[in-house]
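Residue numbers begin at 1 in each chain, while the letters A, B, ... track the order of the sequences.
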Number of protein chains: 2
Amino acid sequence: MPPSPCSLQVNGAANTVQIASNPPHYLQGVDSLASIKRYGCDQEICGEACPAVYWFRVISGGARQCITRADGRRQIVELLLPGDFFGFCARNEYDFSVEAVAEGTRIACYPRQRIEATAERDPALARELRMLAFEAISRSQAQLLIVGRLTATEKVGGFLLAMSGRLSVGPADVVALPISRYDIADYLAISVETVSRSLTELRRRGLIAFTGTRRVRIIDRHSLEDLHGLSMQRRVPSFKPRFAA
Amino acid sequence: MPPSPCSLQVNGAANTVQIASNPPHYLQGVDSLASIKRYGCDQEICGEACPAVYWFRVISGGARQCITRADGRRQIVELLLPGDFFGFCARNEYDFSVEAVAEGTRIACYPRQRIEATAERDPALARELRMLAFEAISRSQAQLLIVGRLTATEKVGGFLLAMSGRLSVGPADVVALPISRYDIADYLAISVETVSRSLTELRRRGLIAFTGTRRVRIIDRHSLEDLHGLSMQRRVPSFKPRFAA
DNA sequence: CGAGTGGTTGAAATCCGTCAAGAATAGTGG
DNA sequence: CCACTATTCTTGACGGATTTCAACCACTCG
């Protein structure tokens with residue numbers, strides 16, 4: 001878990017620095033090494049095959065981490081919201097690109113070399129990095145199940161629930177979607193039209209309501225959680241009992 | 001990259017131990033802490049929600065790492081072959097299960113606590129662990145693109161190429177598939193029947209040939225690599241130019 | 001106001017999953 | 001070594017969930 005909040009002390013004085021870090025987060029111990037950059041909507045934060053000089057953390061706004069094929073097909077592999085880290089890669093070049101999804105997205109950029117050098121001497125920092133990496137593994141593997149084995153409506157319903165969980169600062173039942181339908185589509189690996197149709201379907205069934213194009217109110221959370229097979233379509237893709245096991 | 005090969009010396013004698021580690025691999029420095037276990041086909045190596053006591057490495061044989069939903073839908077999130085590590089998780093319980101896919105699969109089990117304790121004092125080990133984790137992130141994110149955005153035939157063709165790359169010890173054009181059609185299906189998130197049909201299709205087009213049910217010869221590697229859109233179906237799922245970008 | 005973009009909806013096409021039945025293979029025990 | 005069986009694999013027919021193609025609406029912004 002992240003270390004408890006602390007105010008950085010510079011020059012011996014008691015003034016807190018701009019990287020004051022309201023919510024506690026990983027890598028707080030090396031925040032002093034990080035620089036903060038601002039990005040416009042759709043602006044590229046790091047590009048595929050670019051030298052991996054930084055690790056990043058979203059401070060405010062959001063970003064999408066994408067992998068793109070030569071023919072243009074794109075998959076958003078991670079939706080990055082405040083507090084999320086990204087930029088980890090095994091080689092010396094990023095194998096993905098990351099773009100801001102909101103105007104004025106602020107990103108903390110940690111110089112990789114220096115952080116790694118620090119980690120050589122600071123086991124606690126090394127452990128934090130490891131935890132961050134392990135969490136990323138869990139997330140993308142969970143996403144594999146979602147992308148591969150859920151129906152479109154299940155994907156969209158689950159996405160709304162996930163967003164309500166991650167963005168919860170208020171009643172948690174009103175979700176302000178941080179990305180467009182196009183991005184939702186590329187995140188869930190379905191088409192834009194299907195995203196739209198699924199949302200309409202959920203509204204029609206009374207599980208959600210719209211207070212704006214990108215503002216959803218979750219009305220029947222329970223049914224939304226039970227979407228799979230129960231409330232929605234009977235079909236469950238590719239589950240074969242395979243005899244008696 | 002993994003450290004260079006070394007033969008463990010026990011009791012001062014010059015005899016190499018069973019953990020002789022022919023191909024160099026990560027975590028070699030702590031091989032002496034690992035125990036080796038043997039598993040039968042389909043036998044569970046670690047189960048979902050079980051206490052995460054070990055990290056693992058496949059020595060011989062193979063395994064599938066799965067995430068399963070309550071309703072039975074399953075996704076193989078990683079296909080583990082000799083040299084591959086697994087068992088990393090952010091919490092104290094595995095959020096996946098792993099089962100052997102071959103009779104007599106041998107697994108090296110590294111006690112997590114002890115390895116982590118060692119890593120506290122050994123920055124090089126910590127760096128190795130980090131690299132292993134980063135590679136796992138890259139792999140599963142790449143798999144997300146495959147599962148989400150490729151057609152069935154592209155998936156199967158790419159799978160054959162990937163296997164030929166990972167299993168290459170011989171001519172590299174004859175691939176001995178390590179898993180059943182069912183497992184290929186759950187790995188690529190398609191149905192068994194579609195796996196079978198795609199293989200037949202590739203054979204019909206002269207890109208591959210069978211020397212046995214689970215032995216494939218790659219005949220036209222180039223066409224196999226160019227599958228997307230070119231040699232195969234014209235359709236490319238969900239790529240919309242989205243106006244002028 | 002018109003252009004540009006995001007979002008929704010409809011109709012038609014299609015890929016793929018399901019269901020079903022065989023064929024091929026592997027495993028077992030006599 | 002050969003039935004005999006269980007399992008894997010293949011193939012066909014069919015239906016359905018999604019994609020594609022197309023049109024339209026809403027909103028923003030110059």
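- Side chains of B:Asp220 and B:His222 form a contact here, defined as non-hydrogen atoms less than 4.5 Å apart.
- Among residues two or more places apart in sequence or in another chain, the side chain to side chain contact (heavy atoms under 4.5 Å, CB included) test is passed with B:Ser198 by B:Ala152, B:Thr153, B:Val156, B:Thr194.
- Rounded to an integer number of Å, the gap from B:Ile190 CD1 to C:dC15 C1' is 12 Å.
- Annotation: the terminal axes of the helix from C:dC1-D:dG30 to C:dG30-D:dC1 meet at 40°, where each axis is the rotation carrying the C1' atoms of four end pairs onto the next four (5 pairs per end, rounded to 10°).
- Judged by distance alone, the side chain of B:Glu103 and the main-chain N or O of B:Cys41 form a donor-acceptor pair under 3.5 Å.
- Atom CG of A:Asp42 and atom P of C:dG6 are 8 Å apart (whole Å).
- A:Lys155 places none of its side-chain heavy atoms less than 4.5 Å from the side chain of A:Ile184.
- Side-chain atoms of B:Tyr110 and B:Arg57 form a donor-acceptor pair, as typed in the model, at a separation below 3.5 Å.
- Considering A:Val174, A:Leu81, A:Leu177 as possible partners of A:Leu167, the one that fulfils the side chain to side chain contact (heavy atoms under 4.5 Å, CB included) test is A:Leu81.
- Rounded to whole angstrom, the span from the CD atom of B:Glu103 across to the C1' atom of C:dG27 amounts to 12 Å.
- Between B:Arg149 atom CZ and C:dC15 atom C1' the separation is 15 Å, expressed in whole Å.
- Screening B:Val195, B:Ile179, B:Val175 against B:Phe159 for a side chain to side chain contact (heavy atoms under 4.5 Å, CB included) leaves a single residue, B:Ile179.
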Polar atoms only, N or O, under 3.5 Å: list the protein pairs with nucleotides 7-9 of chain C and their distances.
| residue | atom | partner | partner atom | Å |
| --- | --- | --- | --- | --- |
| C:dG7 | OP1 | A:Arg214 | NE | 3.2 |
| C:dG7 | OP2 | A:Arg181 | N | 2.9 |
| C:dT8 | OP1 | A:Arg181 | NH2 | 3.0 |
| C:dT8 | OP2 | A:Arg181 | NE | 2.6 |
| C:dT8 | OP2 | A:Ser196 | OG | 3.0 |
| C:dT8 | O5' | A:Ser196 | OG | 3.0 |
| C:dT9 | OP2 | A:Thr200 | OG1 | 2.4 |

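- The interatomic distance linking B:Arg215 (CZ) with C:dA24 (C1') rounds to 18 Å, in whole Å.
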Determine, stepwise, if the pair A:Leu79 / A:Met163 fulfils side chain to side chain contact (heavy atoms under 4.5 Å, CB included). CA-CA 10 Å; A:Leu79 180 55; A:Met163 285 305 103; 3.7 Å; yes
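- Atom CG of B:Leu177 and atom P of D:dT8 are 15 Å apart (whole Å).
- One can place CG of B:Leu150 at 15 Å from C1' of C:dC16, the figure rounded to the nearest angstrom.
- When only modelled atom types and interatomic distance are considered, A:Ser138 and B:Arg91 share no side-chain donor-acceptor pair under 3.5 Å.
- Rounded to an integer number of Å, the gap from CG of A:Asp183 to C1' of C:dT5 is 13 Å.
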